[in-house]
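Below: the structure, in structure tokens.
Bear in mind the structure is a predicted one, so any value in this text is a computation, not a measurement. All values below were derived from every heavy atom in this structure, side-chain atoms included, with hydrogens, water molecules and symmetry-related copies excluded. Numbers for residues simply follow the sequence, beginning at 1.
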Amino acid sequence: LEKPFTLEKLRHAIIQAIEKRRLSAILSLYKSGRPLLGKPDGEGFISTVLELAQRTLTAGGAGLALLSPETTGLRVDLSADHGELSVEIVTRIVQEVMRADDALKVLKWGQDSGAWDMEVNAPGCGVAYRLKVPDVTFGALVLWRKEGAAPFTALEVQRGDILAGEIAIALENATLSHELSSKTRDLALAQGNVARAEAQAHAIVETAQEAIVLFDPEGVVRDLNPKAQEIFGISREQAVGRNLADFAIPPRLLDD
């Protein structure tokens, strides 16, 4: 701003600067989350998620709890530097988040918080996100700050929500990729079985000691086996495309 300026211009400039900062932070978050989409089920995916989440929200610890379809339980992983977080704490938080109507729940408890009657004594504050896409929940992401640290700001909570969405999309992609791979393997197996069956049927037809002729409803020959070629005295190339009556029925019978 150049002097002289009014308070209204100052207020407008501050609002624009805040919004620009917010949008810049969100854009940066989307860019930083792109690697997740490239390796949704590859080696290092979970550690990448935890490290990115912890760095993005400047958290003292991060926990990722994923639902396991095979065991109907939770797989809980913690960031390398997880501070006060433990598998027990993350599990308890996730259970609460899964029961809540909101996908997001800000947690604040400690000796005097009274937010929940927690079975674990974990002073500090945290934020938990349900990892979900429409109709499918994959688990939850928990970020934690130790007691005495500044609580998560509204902008940080929003950024975490965006990151949770990126993680959920990556997990959905992994699920779809597995399903596609499974169907591709099944299709390849089915195609292999069909090919073997066709080869077996072809071998039987080719070596049969009876004349076998394939023709359409109009009587046009589509194929015939070697024995049929021998009996009718005609090659496959000469017979295919012609009417069966042209060579399969003796002329004397046609005259009658």
- Message: My understanding is that only residues two or more places apart in sequence, or in another chain, count here; which of them pass side-chain contact (heavy atoms from CB on, under 4.5 Å) with Glu51?
- Response: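 Partners of Glu51 under the side-chain contact (heavy atoms from CB on, under 4.5 Å) test: Arg55.
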
- Query: Listed by chain and number, what are the side-chain contact (heavy atoms from CB on, under 4.5 Å) partners of Ile231, not counting sequence neighbours?
  - Reply: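 Listed in chain order: Ala211, Lys227.
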
Could you tell me which residues satisfy side chain to side chain donor-acceptor pair (under 3.5 Å) with [X], sequence neighbours excluded, listed by chain and number?
| X | value |
| --- | --- |
| Thr137 | none |
| Thr207 | none |
| Glu8 | Arg11 |
| Arg242 | none |

- Give every residue pair that meets the salt bridge (Lys or Arg N to Asp or Glu O under 4.0 Å) criterion with at least one member in residues 187-203, sequence neighbours excluded. none

- Item | Inter- and intrachain pairs under salt bridge (Lys or Arg N to Asp or Glu O under 4.0 Å), touching residues 208-218, at least two apart | Asp216-Arg222

Please tell me whether [X] and [Y] are part of a single hydrophobic cluster in this structure, the criterion being side-chain heavy atoms less than 4.5 Å apart.
| X | Y | answer |
| --- | --- | --- |
| Leu163 | Val133 | yes |
| Val220 | Val240 | no |
| Val205 | Val213 | no |

- Tell me, do Leu50 and Phe45 make a side-chain contact under 4.5 Å, heavy atoms counted?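 In short, these two side chains do not touch, never coming nearer than 4.5 Å.
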
- Message: Within the structure provided, determine whether Arg130 and Val94 are in side-chain contact (heavy-atom separation under 4.5 Å).
- Response: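 SC-SC contact between Arg130 and Val94 ruled out.
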
- Item | All pairs passing ring-ring contact (aromatic ring centres under 6.0 Å, His included) where residues 205-238 contributes a residue, at least two apart | Phe232-Phe247

- Qualifying residue, where the test is side chain to side chain contact (heavy atoms under 4.5 Å, CB included) with Leu131 and the options are Leu67, Ile169, Ile167: Ile167

- salt bridge (charged side-chain N to carboxylate O under 4.0 Å, His left out) involving Glu172 - partner list, sequence neighbours excluded: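 With neighbours one apart ignored, the set is empty.
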
Side-chain donor/acceptor pairs under 3.5 Å, residues 182-189, sequence neighbours excluded:
from: Thr184; atom 1: OG1; to: Leu180; atom 2: O; distance (Å): 2.7

Report, one line per pair, each donor and acceptor closer than 3.5 Å where one atom sits in a side chain of residues 73-80; sequence neighbours left out.
from: Arg75; atom 1: NE; to: Asp77; atom 2: OD2; distance (Å): 2.8
from: Ser79; atom 1: OG; to: Gln54; atom 2: OE1; distance (Å): 3.3
from: Ser79; atom 1: OG; to: Ala62; atom 2: N; distance (Å): 3.1
from: Ser79; atom 1: OG; to: Ala62; atom 2: O; distance (Å): 3.4
from: Ser79; atom 1: OG; to: Asp81; atom 2: O; distance (Å): 3.1

- Message: To check you understand the geometry: which heavy-atom pair defines the closest contact between Leu57 and Tyr129, and what is its length?
- Response: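 Of all heavy-atom pairs spanning Leu57 and Tyr129, the closest is CD2-OH, 4.0 Å.
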
- Item | Presence of salt bridge, Glu206 and Arg236, under 4.0 angstrom |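 Salt bridge present between Arg236 and Glu206.
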
